[in-house]
Amino acid sequence: MSYNFPATMPKLDWLTRPEDERAAASVPYRLLEAVPELSYGDEQTENMLIQGDNLEALKALLPFYAGRVKCIFIDPPYNTRSAFEHYDDNLEHTQWLGMMYPRLELLREMLTEDGSIWVSLDDAEAHYFKVMGDEIFGRKNFILDVSWQKRDGPPNDRKIASIHDHILVWAKGRLGESKKSQAEEVFNLMPRTEKADAQYQIFTELSGPDPRGPFRKIDTTANGKGGRYVESLFYAVKNPYTGEEVWPRKGTCWRHNKEEMQRLQDDNRLFWGAKGTAGTPMRKLFKDEAKQGMSSPSIWSDAGLNQHASGEMEKLFGEKAAFETPKPESLLYRVAVIASNAGDLILDSFLGSGTTAAVAHKMGRRYIGIEMGEHTETHCVPRLRKVVDGEQGGISEAVGWKGGGGFRFYRLGSPIFDEQGHIHPSIRFDHLAAHIWFSETHTPLSHKRKRSPFLGKHNETAYYLLYNGILGDKRPGGGNVLTRKILEELPAHDGPRVIYGESSRLSAATLKQLGIVFKQTPYDVKAR
């Protein structure tokens, strides 16, 4: 009997999926308007706190930050059918999936090629989300499901109850058939603990203490059952103290071939016990040879609890129940250590109480936090102000935080295009330039570029924008029309050129001869 399986991966389906698949594309690009009175600290900081719908905010950020975010952590509403003070968490399953799908699409675009996304969920939606996440990021890019212990014991009103949340982790991509994703290749080890270092000791030996210092004992045998037995790894090793020939224990074989075991023996790297009579030698792994950090297991029972986070909230705001399920700073610290380095950009589009931003700030990461509710002002702003001023809660002492830096507050402004597709009159050169560059190249426009009609070069094509009198002529329409004189003022490029402007005085034949593609604003500017 034969079976015909579909070539494509199965998809999760829900009632409004067709509309939800188009949602990200249909959201208009909007301006981000700075609010100086709610910003704080260093005016040159790149840290951003944005108030507004996170789907629209992500779309507004796309032309500037696509492919630039190293780590995304989100803690979306869990859809537990219980009303939180600061969230409408009572969403039907279809609505919840419809909310998450377009946001996940845009979040993927924000990641660097070696970036990763960490999504905190409970059993209500985690397994459905896993299927949807595999579809958007690719099943091969799923890294693992971390089980984070969020409470120290089960609730008394249940006979069996969960005490953990899921943190689902995906990478942006991987190179070819590599076993590891690009994110995993650059993940960091966690700092070594005292418990881990305590395994390395000075052991008693007949020949005296090893001058190379403390070591940990590693088994030299491997389980030979279940098809793992290798005949060439079954041989005798001579005990140098007793002269006895020692064989692997029953059901096992050596981990190393005969030549390697002899090399270890000659280099005094086999430990035969304090009296030299051990039935099986152990390999010595010296402390200075060990990894400088520790691998993280998939179960996190030591990354803080919800009650710890509630205590942190109470110290900050005097309101223990301000947020139903806040995340402790120690949890976000672990994510940031593994998935980012100092100076990297971290994004949280469900910022909640502001924990991700607070931890990123203290750890020297840049960050973007997005929240829709009024608690963006009532909780996130005060919390981050305290961080800038050097508050000592959470991870502050552990990372040596003393204060400094700053953040800029933004709200969503006007759409770049009106309902007729015309450029909104409030749009300035930098906004339109970023939008055009992104629509042409699908890469963000550099923040540090010199303000010029020359936007940059991509795949040997140069892009220019004549808008808002960029060449110095502030009259209406001044310098926005492509003429011979204007063309001579533009930075030269020996190759194809794309020039946006209100109109062109050069003939089609001349443009073709000069290798120029002219695009008229607003009609040739892609609104989506």
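In this chain, residues are counted from 1 in sequence order.
Side-chain atoms of Asn188 come within 3.5 Å of backbone atoms of Ser340 as a donor-acceptor pair (strictly under, hydrogens ignored). Remark: the backbone N or O of Leu345 is not paired with any side-chain donor or acceptor of Arg365 at under 3.5 angstrom. Between the Glu329 side chain and the Ile395 main chain, a donor and an acceptor come within less than 3.5 Å of each other. At least one donor-acceptor pair closer than 3.5 Å links the side chain of Asn480 to the backbone N or O of Tyr467. Although no hydrogens or angles enter the test, the distance criterion places a donor-acceptor pair under 3.5 Å between the side chain of Gln520 and the main chain of Glu502. Side chain of Lys70 to backbone of Asp344: no donor-acceptor contact under 3.5 angstrom is found. The backbone N or O of Ser120 lies less than 3.5 Å from no partner atom in the side chain of Asp165, so there is not a single donor-acceptor pair. At least one donor-acceptor pair under 3.5 Å links the side chain of Asn47 to the backbone N or O of Gly406. Side-chain N or O atoms of Ser181 include none that pairs as donor or acceptor with a backbone N or O of Arg174 at under 3.5 Å. In this structure, the side chain of Thr16 does not engage the main chain of Glu19 through any donor-acceptor pair within 3.5 Å.
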Under the criterion side-chain hydrogen bond (donor to acceptor under 3.5 Å, both in side chains), I'd like the reasoning laid out for Thr461 against Asn459: C-alpha separation, chi angles, the key distance, then a yes or no. CA-CA 6 Å; Thr461 297; Asn459 292 339; over 6 Å; no
Give the intermediate values and the outcome of side-chain contact (heavy atoms from CB on, under 4.5 Å) for residues Leu331 and Val359. CA-CA 10 Å; Leu331 175 66; Val359 170; over 6 Å; no
Derivation and outcome, salt bridge (Lys or Arg N to Asp or Glu O under 4.0 Å), residues Arg17 and Glu21: CA-CA 6 Å; Arg17 176 169 178 133; Glu21 288 179 334; 2.7 Å; yes
Using the rule given for side-chain contact (heavy atoms from CB on, under 4.5 Å), can you reason through Asp122 versus Ser162, listing the C-alpha separation, both sets of side-chain angles and the distance that settles it, and then say yes or no? CA-CA 9 Å; Asp122 69 2; Ser162 172; over 6 Å; no
Arg139 vs Trp170, side-chain contact (heavy atoms from CB on, under 4.5 Å): CA-CA, chis, key distance, verdict: CA-CA 9 Å; Arg139 188 172 180 180; Trp170 283 270; over 6 Å; no
Do Thr376 and Leu49 pass the side-chain contact (heavy atoms from CB on, under 4.5 Å) test, and can you show the C-alpha distance, the side-chain angles, and the key distance before you say yes or no? CA-CA 8 Å; Thr376 314; Leu49 179 57; 4.1 Å; yes
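In this structure the side chain of Met99 reaches within 4.5 angstrom of the side chain of Trp96, judged on heavy atoms. Residues Val169 and Val335 are not in side-chain contact: their nearest non-hydrogen atoms beyond the backbone lie 4.5 Å or more apart. In this structure, the side chains of Pro328 and Trp148 come closer than 4.5 Å at one or more pairs of heavy atoms. Side-chain contact between Val525 and Ile416 is absent, with no heavy atoms from C-beta onward closer than 4.5 Å. Using a 4.5 Å heavy-atom cutoff, the side chains of Glu185 and Asp114 are not in contact. Under the 4.5 Å side-chain criterion, counting only non-hydrogen atoms from C-beta, His431 is not in contact with His424. Taking the side chain as every heavy atom from C-beta outward, Met110 and Leu62 approach each other to under 4.5 Å. Inter-residue side-chain proximity for Leu58 and Leu347 is flagged as met; some heavy-atom pair is nearer than 4.5 Å.
Closest approach of Gly98 to Pro102, counting heavy atoms only: O-CD, 3.1 Å. When all heavy atoms of Tyr500 and Val498 are compared, the pair lying nearest together is CE1-CG1, 3.9 Å. Taking all atoms of both residues into account, the shortest heavy-atom contact from Asp75 to Phe73 is CB-CE2, 4.0 Å. Nearest heavy-atom pair, Ile370 versus Gly52, reported as atom, atom and distance to 0.1 Å: CG2-O, 3.8 Å. The minimum heavy-atom distance between Ser414 and Glu33, with the atom names listed, is N-OE2, 4.1 Å. Among all heavy-atom pairs drawn from Asn54 and Ser349, the shortest one is ND2-O, 2.9 Å.
Using a 4.0 Å cut-off between charged side-chain N and carboxylate O, Arg68 and Glu46 make no salt bridge. A salt bridge links Glu489 with Lys485: the distance from a Lys NZ or Arg NE/NH1/NH2 to an Asp or Glu carboxylate oxygen falls below 4.0 Å. Here Glu371 does not pair with Arg383 in a salt bridge; the nearest charged N to carboxylate O distance is not below 4.0 Å. A salt bridge does not link Glu109 to Lys59: none of the charged nitrogens lies less than 4.0 Å from a carboxylate oxygen.
The CD1 atom of Ile72 sits 4.5 Å away from the CG atom of Leu107 when rounded to the nearest 0.5 Å. In this structure, CG on Leu111 lies 11.5 Å from CD on Gln182, to the nearest 0.5 angstrom. The CG atom of Leu482 sits 4.5 Å away from the CG atom of Leu506 when rounded to the nearest 0.5 Å. In this structure, OG1 on Thr356 lies 13.0 Å from CD1 on Ile368, to the nearest 0.5 angstrom. Remark: Phe409 CZ to Leu38 CG distance equals 5.0 Å, nearest 0.5 Å. The CD atom of Glu125 lies 12.0 Å from the CG atom of Leu168; values are rounded to the nearest 0.5 Å.
Aromatic ring orientation, Phe407 versus Tyr40: tilted (interplanar angle from 30° to 60°). Tyr464 and Phe454 have tilted rings, their planes meeting at an angle from 30° to 60° on a 0 to 90° scale. Between Tyr367 and His361, the angle of the ring planes lies from 30° to 60°, which puts this pair in the tilted group.
By the neighbour-count criterion of 12 heavy atoms within 6.0 Å, atom NZ of Lys386 is densely surrounded, having more than that number from other residues, nucleotides or ligands. The neighbour count for Glu37 CD, taken as heavy atoms of other residues, nucleotides or ligands under 6.0 Å away, is above 12. For Met372, the CE atom sits in a loose shell: 12 or fewer heavy atoms of surrounding residues, nucleotides or ligands are nearer than 6.0 Å.
The ring pair (Phe, Tyr, Trp, His ring centres under 6.0 Å) check on His164 picks up His166, with sequence neighbours excluded. With sequence neighbours left out, the side chain to side chain contact (heavy atoms under 4.5 Å, CB included) criterion links Leu12 to Trp14, Leu97, Tyr128, Val131, Met132.
With Trp437 as the fixed residue, the ring-ring contact (aromatic ring centres under 6.0 Å, His included) test singles out one of Tyr463, Phe64, Phe429: Tyr463. The only member of Arg411, Arg103, Arg30 that meets salt bridge (Lys or Arg N to Asp or Glu O under 4.0 Å) when paired with Asp53 is Arg103.
Defined by atom type and a distance below 3.5 Å, a donor-acceptor pair is present between the side-chain atoms of Lys362 and Ser396.
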